[in-house]
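The next block holds one structure in the form of structure tokens; read it before the comments.
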Amino acid sequence: MIMKACIFDLDGVIVDTAKYHFLAWKKLADQLGVNFTYADNERLKGVSRMESLETILKSGNITLGEQEKEELAAKKNNWFVEYLDNMSANETLPGVVSFLDDLDNNRIWKAIGSASKNAVLALRKIGLEDRFDLIIDGTMVSRAKPDPEVFLKAATGLGLAPGQCLVFEDAHAGIQAAHNGKMKCVGVGNPDILGEADVVIDSFSNINWKTILKLLNTR
Ligand code: BG6
Ligand code: MG
């Protein structure tokens with residue numbers, strides 16, 4: 001099937017916000033007295049805010065009521081939004097803008113498929129809010145990755161079949177979501193962590209659409 005669209009995860013693929021999610025969760029975990037490392041964070045990538053909190057609470061054997069959980073999630077989000085407020089276009093990940101330009105030249109649709117409720121805010125901060133044909137974010141879905149809902153909504157919104165869409169992801173849960181939706185997936189980051197993706201690139205630097213198609217066909 002001919003690829004007609006790219007669906008991008010946002011945090012850690014388009015913009016370097018994955019580090020801010022980590023820093024904000026780390027701050028919360030420290031306050032709760034829960035041990036939380038950079039490696040532990042890998043499991044939270046791509047996962048919704050509440051599910052991430054549940055994972056941290058579980059690893060600290062902490063049981064809380066709904067209201068307390070809401071308060072902790074809001075606390076983490078306030079720290080995260082503070083980081084976003086101070087972010088500039090420099091934090092767009094390397095090669096992203098020229099890759100988007102190349103997709104335009106090849107008439108490939110571009111969508112965002114993100115678990116984040118802050119996706120539009122983050123895109124606005126880096127001046128890329130208007131570069132996508134469609135944005136599906138955490139405010140529009142009810143099931144978190146690895147459920148494919150976010151990517152399937154993007155495909156439907158573009159009027160395409162899943163097989164015509166290629167997902168870009170930096171997270172284990174996101175790659176699974178793409179595959180659960182019968183979409184191919186390019187991992188962006190460390191091949192040791194993202195090995196289950198159909199192909200892995202370390203970044204968009206020196207990557208164009210032709211290279212991606214070649215990598216997909218020769219794997
Ligand atoms: C994903 C991030 O994109 O969005 C996760 O990888 C984050 O780390 C999730 O928890 C939800 O984001 P937010 O901004 O709605 O808390
Ligand atoms: Mg991500």
Side-chain angles (χ1 to χ4, degrees), residues 6-29 36-59 69-87 91-94 96 111-126 128-129 132 135-151 153-154 166-179 183 185-190 193-194 196-197 200-204:
C6 291
I7 307 175
F8 298 91
D9 171 50
L10 177 71
D11 296 304
V13 170
I14 297 292
V15 60
D16 199 8
T17 38
K19 63 186 179 201
Y20 296 140
H21 281 293
F22 169 65
L23 288 173
W25 283 127
K26 174 80 183 137
K27 211 162 163 176
L28 190 74
F36 181 67
T37 65
Y38 195 75
D40 295 330
N41 185 59
E42 213 49 54
R43 278 185 302 140
L44 302 194
K45 284 187 183 173
V47 173
S48 73
R49 195 182 307 167
M50 273 330 246
E51 286 192 28
S52 301
L53 176 63
E54 296 285 2
T55 303
I56 290 174
L57 292 176
K58 203 167 163 198
S59 75
K69 285 196 258 187
E70 290 292 343
E71 281 167 16
L72 292 180
K75 204 174 192 183
K76 180 268 172 181
N77 191 53
N78 288 339
W79 288 322
F80 178 69
V81 170
E82 249 172 62
Y83 289 125
L84 280 193
D85 280 340
N86 292 312
M87 189 170 83
E91 286 169 83
T92 308
L93 283 159
V96 163
I112 291 286
S114 168
S116 175
K117 294 184 169 149
N118 296 297
V120 172
L121 176 64
L123 284 168
R124 196 175 301 144
K125 289 301 287 186
I126 57 170
L128 292 185
E129 191 190 355
F132 296 90
I135 298 172
I136 305 292
D137 67 17
T139 66
M140 300 161 164
V141 293
S142 51
R143 295 184 300 279
K145 299 172 187 175
D147 189 287
E149 183 184 12
V150 68
F151 296 139
K153 268 204 164 167
L166 180 62
V167 170
F168 290 79
E169 261 293 347
D170 71 322
H172 174 67
I175 297 169
Q176 285 188 320
H179 287 161
M183 296 179 187
C185 185
V186 176
V188 184
N190 183 346
I193 295 173
L194 306 176
E196 68 198 307
V200 181
I201 55 174
D202 59 0
S203 80
F204 287 103

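Keep in mind that what you see is a predicted model, and the values were worked out from it rather than measured. Numbering of ligands and ligand atoms starts at 1, following listing order.
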**Item:** CA sep, side-chain torsions, deciding dist, call: Tyr20, Glu91, side chain to side chain donor-acceptor pair (under 3.5 Å)
**Value:** CA-CA 11 Å; Tyr20 296 140; Glu91 286 169 83; 2.3 Å; yes
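- Distances shorter than 4.0 angstrom do not occur between any heavy atom of Gly138 and any atom of ligand 1.
- Of all the heavy atoms of His21, the ones lying under 4.0 Å from any atom of ligand 1 belong exclusively to the side chain.
- For the pair Ser48 and ligand 1, the shortest N or O to N or O distance does not fall below 3.5 Å.
- In terms of N/O distances under 3.5 Å, ligand 1 is not approached by Asn77.
- Using a 4.0 Å cut-off between heavy atoms, Ser52 contacts ligand 1 through its side chain alone, with no backbone atom that close.
- Under 3.5 Å, the side chains of Asp11 and Asn118 contain no donor-acceptor pair of N or O atoms.
- For the pair Gly46 and ligand 1, the shortest N or O to N or O distance falls below 3.5 Å.
- Summarising the contacts of atom 5 (C) of ligand 1 with Val47, Asp137, Val13, the nearest heavy atom is found in Val47.
- When rounded to 10 degrees, the angle formed at the Mg ion (ligand 2) by O (Asp11) and OD1 (Asp170) equals 100°.
- Residue Leu10 does not touch ligand 1, judged by heavy-atom distances below 4.0 Å.
- For Asp9, the N, O or S atom with the smallest separation from the Mg ion (ligand 2) is OD2.
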